[in-house]
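Nothing fancy with the numbering, it's 1 onward along the sequence. Here the structure is a predicted model, which means the values were calculated and not measured.
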Amino acid sequence: MKMKKTIFFVMIILASNLFASFKASKIVEAKSIIWGMDFYDKSKAIVSFKNGFFAILDTNSNTLKYIKKLDVYEKGQAGLLDVKASLNFKNDNTIFFTYVKNINNMGVTTLAKAKLINEKLVNIEDILVTKSATNTTRHFGSRITFDEHHIYFSVGDRGERDNAQTLSNHAGSIIRLNLDGTVPKTNPFFYNKDILKEIYSYGHRNPQGLFYDKNTKILFSNEHGPRGGDEINIIKKAQNYGWPRVSLGKEYWAPISVGKTQEKGLIDPIKHYTPSIAPSSLIVYSGKKYKSLKGALISTALKLTHINIIRLDENLKPIDEKRVFSKLNERIRVVTEDISGNIYFATDSGNIYKIVEVKEKTL
């Protein structure tokens with residue numbers, strides 16, 4: 001399979017007054033929406049497509065090998081969603097993924113797992129079929145991340161706003177499970193019979209970025225607002241992030257606020273975007289390869305077709321932000337880091353790019 005390469009250059013001026021230029025090199029063209037991408041060894045990543053396909057990306061040969069087609073509910077925003085390799089992949093060969101399951105002709109965000117053996121997906125099984133069914137075809141979430149002992153994944157409000165404040169369903173929440181799929185007894189609502197014990201936080205509209213930074217032990221998310229009010233949040237257990245009681249966005253049908261802009265006891269975002277950028281994934285960069293980006297939040301955008309690089313101060317307040325690669329004019333769906341610290345991103349048109357820093361001499 002012959003791959004075309006296109007290179008774009010953009011200059012980023014960082015807060016530290018260091019100058020660095022970056023290029024985005026297209027390494028693969030797949031022609032369909034890539035939703036998730038995660039490296040499980042030095043040169044290979046598992047890739048999920050919204051239409052239900054799994055593939056393996058080989059960055060040595062810059063090729064994709066399709067390995068499995070999953071039967072998914074694919075209407076509107078539904079389909080195959082995120083994919084992540086197990087923390088212990090070298091020993092257990094486990095892949096976790098989220099997808100939309102068809103239950104009575106309604107879509108339900110579902111966490112599942114499989115074994116990746118000899119580049120084949122086998123032993124596929126559901127871990128949690130969430131209580132999130134509605135008649136809409138939007139706001140499914142869903143990203144996956146791990147801390148040292150748990151798996152987290154996000155579920156959107158499923159197009160029904162009040163779901164996010166209703167803890168008898170999983171919609172509009174971030175869920176935490178043990179790696180074996182059981183519910184941790186340390187979950188905030190484990191002993192409350194009126195609340196689903198898998199819920200870790202709630203009051204979310206449609207979180208499509210979720211990342212646990214092992215260096216700071218902080219769980220970050222980004223999520224879609226309505227017209228404006230897209231958010232980056234620090235996720236803490238048992239906390240209510242406000243939707244729809246609080247939002248910095250406007251109604252779609254009129255220029256009026258959705259609920260309040262702030263309410264005591266509800267968690268404010270550390271950063272918000274108006275107009276909407278439509279955030280879709282998020283990582284905290286390790287600094288393994290590009291020291292100038294160490295600790296930066298790297299967030300992708302669909303509507304405004306760019307990558308955001310955000311720096312936080314010691315109080316976790318944003319102090320600098322640069323938008324890059326907007327000239328690609330691509331809806332950027334997912335960003336990931338490989339084992340060596342290389343950064344890759346993928347788009348709704350099915351393109352995969354590698355980001356490369358080029359050192360520039362200062363005048």
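Within the 3.5 Å criterion, the main-chain N or O of Asn88 finds a donor-acceptor partner in the side chain of Ser86. When atom types are taken as modelled, the side chain of Lys42 and the backbone of Ser340 share no donor-acceptor pair closer than 3.5 angstrom. The backbone N or O of Ala346 sits nowhere less than 3.5 Å from a side-chain atom of Arg333 that would complete a donor-acceptor pair. Proximity of a side-chain donor or acceptor of Asn222 to a complementary backbone N or O of Ser281 within less than 3.5 Å is detected. Here the side chain of Asn187 pairs no donor or acceptor atom with the backbone of Phe189 at under 3.5 angstrom. A donor-acceptor pair under 3.5 Å links the side-chain atoms of Asp338 to the main chain of Gly341, judged by distance alone. Within the 3.5 Å criterion, the main-chain N or O of Ala78 finds a donor-acceptor partner in the side chain of Lys50. In terms of modelled atom types and a separation under 3.5 Å, the side chain of Asp58 and the main chain of Asn60 share a donor-acceptor contact. A donor-acceptor contact shorter than 3.5 Å is absent between the side chain of Asp230 and the backbone of His272. The backbone N or O of Gly259 lies less than 3.5 Å from no partner atom in the side chain of Ser247, so there is not a single donor-acceptor pair.
The distance from the CG atom of Leu80 to the CH2 atom of Trp35 is 9.5 Å, given to the nearest 0.5 Å. For the atom pair Leu210 CG and Lys84 NZ, the distance stands at 8.5 Å (nearest 0.5 Å).
Within a 6.0 Å sphere centred on CG of Asn315, heavy atoms belonging to other residues, nucleotides or ligands number more than 12. Counting heavy atoms of neighbouring residues, nucleotides and ligands inside a 6.0 Å radius, atom NZ of Lys260 does not exceed 12 of them. Around the NZ atom of Lys120, the shell of radius 6.0 Å holds no more than 12 heavy atoms that belong to other residues, nucleotides or ligands. At most 12 non-hydrogen atoms from other residues, nucleotides or ligands lie less than 6.0 angstrom from CG of Asn118.
Side-chain contact annotation: Asp180 with Thr182, donor-acceptor N/O pair under 3.5 Å present. The closest side-chain donor-acceptor pair between Asn135 and Glu160, if any, does not fall under 3.5 angstrom. With hydrogens and angles left out, the side-chain atoms of Ser201 and His204 include a donor and acceptor closer than 3.5 Å. Looking at Tyr241 and Glu223, their side chains never bring a donor and an acceptor atom within 3.5 Å of each other. When only modelled atom types and interatomic distance are considered, His306 and Asn308 share a side-chain donor-acceptor pair under 3.5 Å. Judged purely by distance below 3.5 Å, without hydrogens or angles, the side chains of Asp126 and Tyr99 pair a donor atom with an acceptor atom. The closest side-chain donor-acceptor pair between Asn342 and Lys289 falls under 3.5 angstrom. Between Thr109 and Arg158, the side chains place no donor N or O within less than 3.5 Å of an acceptor N or O (distance only, hydrogens not considered).
With respect to Glu148 and Lys217, a salt bridge is recorded, a charged nitrogen being found less than 4.0 Å from a carboxylate O.
Ring pair Tyr66/Phe49: centre-to-centre distance below 6.0 Å. Between Phe211 and Phe220, a ring centre-to-centre spacing not shorter than 6.0 Å is recorded. Ring centers of Phe54 and Phe97: under 6.0 Å apart, within the cut-off.
Heavy-atom minimum distance, Ser154 versus Ile174: CB-CG1, 4.1 Å.
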query: Step by step, would you call Asp82 with Gln208 a side-chain hydrogen bond (donor to acceptor under 3.5 Å, both in side chains)?
result: CA-CA 9 Å; Asp82 203 17; Gln208 289 197 346; over 6 Å; no
- prompt: Would Tyr73 and Lys101 satisfy side chain to side chain contact (heavy atoms under 4.5 Å, CB included), going step by step from the backbone distance to the final call?
  reply: CA-CA 5 Å; Tyr73 184 79; Lys101 191 179 186 74; over 6 Å; no
message: Using ring-ring contact (aromatic ring centres under 6.0 Å, His included), reason through Phe325 and Tyr353 one step at a time and then give a plain yes or no.
response: CA-CA 11 Å; Phe325 304 132; Tyr353 295 84; 7.9 Å; no
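Each of Phe96, Phe153, Tyr152, Phe89 was evaluated against Phe146; a single residue qualifies, Phe96, per the ring-ring contact (aromatic ring centres under 6.0 Å, His included) test. Among Asn206, Asp157, Asn163, the one residue that satisfies the side-chain hydrogen bond (donor to acceptor under 3.5 Å, both in side chains) test with His139 is Asp157. A side-chain contact (heavy atoms from CB on, under 4.5 Å) with Lys113 is found for one member of Asp92, Ile95, Thr94 and no other, namely Thr94.
Judged by a 6.0 Å distance limit and a 45° cone about the ring axis, Lys271 is positioned over the six-membered ring of Tyr273. Because its NZ or CZ atom is both nearer than 6.0 Å to the ring centre of Phe53 and within 45° of the ring axis, Lys69 counts as a cation-pi partner of that residue.
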